[in-house]
Amino acid sequence: MRVRSLLTALCAVLASAGLLVVPLAAEAASAGTASASAGCYRQAGDHWECVTPGAFCPAAAHGRNGTSQSGVSYRCVQDGSYWRWKPAGSSGGTTPKPTPKPTPKPTAKPTPKPSHQKCSQKYLPLPDPKCQPGTRNPAVTQKTIKSTICTPGYSRKVAPPASYAGALRLTQIAQYGYADRKPSHYKEDHLIPLSLGGSPKSAKNLWPQPVLAGKGRTPAAKDAVELTLWRAVCHGEVPLAKAQQAIAKNWRTAVRRLGL
């Protein structure tokens, strides 16, 4: 016992003087015990238990998972130049924020055409023949002209109400796709006029004639042609059917076509 005591005292003196080297295995065991005590963790295979959140973790635990005393999962991750126990899923000292996706720019859409447009303006100052080919009043024939169109006041008698013509004009202005939607800038015209036996209410015989400037383009110019043809029909100079066909095809050439 006395010899052992003397050896222990001698080792202590030599160690304090730096003359005694502690075996490496013993030093590692001592350090591991101190770290485990300070960090409160122990290795169970590849997993570490009882880890202290935020504490330094040993080299053997780098990149591995652990569990705190409360059962929360942590991972040994690098934080700057150190390795610490951080909540599972974190990478380094701070949890990276997801990169926001760029907001897609809206795709420019072409300007749509008016949804109600179905008649072409390319025939102006005439109507689109597909929309208004002109229709006749079956009550007016060559045999009945004396009691119908050639009787004073006939056209006023069969004319449609202003409310009907006004509503139809608004609808047809949209159908023609006119940029100018002011109703007073259009006359709801009978392609085959009532004075020549045209249909009073048919949308195929009525159309919104623009009040355009220029010879041969205004409603007044067409009215003059209608009067000339009406006189020729009622005086027996031109058959009713030919007058109707000529004005429906092109009122600007109707008088010349009929040789009047």
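- Between the side chains of Asp180 and His185, a donor-acceptor pair is found at a separation under 3.5 Å.
- Screening residues 124-137 for side-chain hydrogen bond (donor to acceptor under 3.5 Å, both in side chains), with sequence neighbours left out, gives Gln132-Tyr176, Thr135-Ser202, Arg136-Gln244, Asn137-Tyr154.
- Under the 4.5 Å side-chain contact rule for hydrophobic residues, Tyr178 and Leu168 do not share a cluster.
- For Glu226, the salt bridge (charged side-chain N to carboxylate O under 4.0 Å, His left out) partners are Lys222, not counting sequence neighbours.
- Arg75 contributes a side-chain N or O that, together with a main-chain N or O of Gly63, makes up a donor-acceptor pair within less than 3.5 Å.
- In this structure, Ile192 CD1 and His190 NE2 are separated by 10.5 Å, a value rounded to the nearest 0.5 Å.
- Smallest separation of non-hydrogen atoms from Leu194 and Ser155: CD1-O, 3.6 Å.
- Listed by first then second residue, pairs satisfying disulfide bond (SG atoms under 2.5 Å apart) with a partner in residues 224-260 read Cys150-Cys234, not counting sequence neighbours.
- Contact of the Ile247 side chain with the Pro193 side chain is registered, since non-hydrogen atoms from C-beta on lie closer than 4.5 Å.
- In this structure, Glu237 CD and Thr228 OG1 are separated by 10.5 Å, a value rounded to the nearest 0.5 Å.
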Determine, step by step, whether Leu229 and Leu258 satisfy the side chain to side chain contact (heavy atoms under 4.5 Å, CB included) criterion, reporting the C-alpha distance in whole Å, the side-chain angles of both residues, the deciding distance to 0.1 Å, and the verdict.
-> CA-CA 9 Å; Leu229 298 188; Leu258 295 172; 3.5 Å; yes
I'd like to know whether Val77 forms a side chain to side chain contact (heavy atoms under 4.5 Å, CB included) with Arg84, so could you lay out the CA-CA distance, the side-chain angles of the two residues, the decisive distance to 0.1 Å, and finally the verdict. CA-CA 6 Å; Val77 297; Arg84 297 177 181 273; 5.9 Å; no
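- Residues Arg252 and Leu126 form a side-chain contact, since some pair of their non-hydrogen atoms from C-beta on lies under 4.5 Å apart.
- The side chain to side chain donor-acceptor pair (under 3.5 Å) test applied to Thr141 returns Thr144, not counting sequence neighbours.
- Of the possible donor and acceptor atoms, one in the side chain of Ser68 sits under 3.5 Å from a partner among the backbone N and O of Val72.
- Side-chain atoms of Arg64 and Cys76, non-hydrogen and from C-beta on, never get closer than 4.5 Å to each other.
- Counting only distance, with no hydrogens or angles, the side chain of Gln142 and the backbone of Leu240 share a donor-acceptor pair below 3.5 Å.
- Across all their heavy atoms, Gln172 and Ala203 have their closest contact at NE2-O, 3.5 Å.
- Lys86 forms no cation-pi arrangement with Tyr74, by the criterion of a distance under 6.0 Å to the ring centre and an angle within 45° of the ring axis.
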Does Leu206 form a side chain to side chain contact (heavy atoms under 4.5 Å, CB included) with Asp189? I'd like the steps, not just the answer. CA-CA 5 Å; Leu206 279 162; Asp189 176 68; over 6 Å; no
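- Partners of Asn250 according to the side chain to side chain donor-acceptor pair (under 3.5 Å) rule, which considers only residues two or more places apart in sequence or in another chain, do not exist here.
- Of the possible polar contacts, one joining the Thr151 side chain to the Lys146 backbone as a donor-acceptor pair under 3.5 Å is found.
- In this structure the side chain of Trp207 never reaches within 4.5 angstrom of the side chain of Tyr186, judged on heavy atoms.
- The two residues Pro183 and Leu170 come nearest to each other via the heavy atoms CG-CD2, 3.5 Å.
- Of the possible donor and acceptor atoms, none in the side chain of Gln209 sits under 3.5 Å from a partner among the backbone N and O of Val211.
- Taking each heavy atom of Pro219 and Pro210 in turn, the nearest pair found is CD-O, 4.0 Å.
- Of all heavy-atom pairs spanning Leu191 and Pro127, the tightest one is CD1-CG, 3.9 Å.
- Contact between Leu260 and Ala232 at its shortest, heavy atoms only, is CD1-CB, 3.8 Å.
- Residues passing the ring pair (Phe, Tyr, Trp, His ring centres under 6.0 Å) test with Trp230, sequence neighbours excluded: none.
- Contact check on Asp223 versus Lys187 returns a salt bridge, with a Lys/Arg side-chain nitrogen under 4.0 Å from an Asp/Glu carboxylate oxygen.
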